[in-house]
Amino acid sequence: MTVDDDTRTPERPMAFSRAEFSLGAVASWIAFMILLVAALVVTAVQQSGLPWGPPLSMIALYLMFGIPIGGAVSAVVTLVASPVARAIAHRLVKTRRISVHLAAYAAFGAALGLVVLIIGVLLSQGDFASTFSTPMPWTVAGLCALAVASGWAWTVRHVTRPPRPPHPDAIAEDALWGDATATLDESS
């Protein structure tokens, strides 16, 4: 990929630089972590009670283990899956319709969530039939779809909006500080 491939033009309205793409990957990871915390809290409350304990202790337990493990696994998955997301971005570079991009990244996120879940079941020598007969895998797929699509949407909004003009007060303050800084630099 050359530098020209990253240049946003009218013919390539959805071209993103490597830095912008990295920002999107981090935004998706942060969105996933927020959704992970919410999912852990809801699950802890649902599973609290006898014999496990009150909701606050279950929430603390779930968060104490879920955030570091989920954060580490999702960070590795983000790094490993980024080339695939970059390939999707490259294929959609000429597509202007936001809905197409959102659908593509949501599908990618859902597939990614299911693949990670399948790998987890294989590594733990779990039972596929019992795992996929519950709502858990579909919830994971939905949360991953939401995280990837929302990370992409935030990034697009952030990098494509025109810069805001500075507030008149900020301009006046900069002028005052600029003069004060020049005076300080000359005296030292």
Inset, instruction - Decide side chain to side chain contact (heavy atoms under 4.5 Å, CB included) for M14 and K94; before the verdict, give the C-alpha distance in whole Å, the side-chain angles of both, and the deciding distance to 0.1 Å. - result: CA-CA 6 Å; M14 293 297 186; K94 295 180 182 180; over 6 Å; no
Inset, instruction - List in chain and number order the residues that pass side chain to side chain donor-acceptor pair (under 3.5 Å) with S74, two or more places apart in sequence or in another chain; answer none if no residue qualifies. - result: W29
Validation: residues 31-39 side-chain donor-acceptor distances under 3.5 Å, sequence neighbours left out:
none

Inset, instruction - Please list, chain by chain and in numerical order, all residues satisfying side chain to side chain contact (heavy atoms under 4.5 Å, CB included) with V76, sequence neighbours excluded. - result: V80
Legend entry - More than 12 heavy atoms of other groups within 6.0 Å of L79 CG: yes
Legend entry - Qualifying residues under side chain to side chain contact (heavy atoms under 4.5 Å, CB included), relative to V100, sequence neighbours excluded: L92, T95, R97
For residues 57-73, run the donor-acceptor check on the side chains, cut-off 3.5 Å, and write out each pair with its distance to 0.1 Å, sequence neighbours left out.
| residue | atom | partner | partner atom | Å |
| --- | --- | --- | --- | --- |
| S57 | OG | P54 | O | 2.8 |
| Y62 | OH | Q47 | OE1 | 2.2 |

Inset, instruction - Kindly write out the residues that satisfy side chain to side chain contact (heavy atoms under 4.5 Å, CB included) with L122, not counting sequence neighbours, or none if the list is empty. - result: I118, F128
Inset, instruction - Give the intermediate values and the outcome of side chain to side chain contact (heavy atoms under 4.5 Å, CB included) for residues L23 and H158. - result: CA-CA 10 Å; L23 181 67; H158 180 74; 3.5 Å; yes
Inset, instruction - Please report the shortest heavy-atom distance between F16 and R86, naming the atom on each side. - result: O-NH1, 3.2 Å
Inset, instruction - Could you list the residues that satisfy side chain to side chain donor-acceptor pair (under 3.5 Å) with S130, not counting sequence neighbours? - result: D127
Donor-acceptor pairs under 3.5 angstrom involving side-chain atoms of residues 104-117: please list them, not counting sequence neighbours.
| residue | atom | partner | partner atom | Å |
| --- | --- | --- | --- | --- |
| Y105 | OH | A89 | N | 3.3 |

Legend entry - Verify same cluster id: L146, W154 (apolar side-chain graph, 4.5 Å): no
Inset, instruction - Look at the side-chain heavy atoms of Ile, Leu, Val, Met, Phe, Trp and Tyr, link any pair under 4.5 Å apart, and say whether F132 and M136 land in one connected group. - result: yes
Inset, instruction - Under the side chain to side chain contact (heavy atoms under 4.5 Å, CB included) rule, collect the residues that match up with T139, sequence neighbours excluded. - result: P135, L143
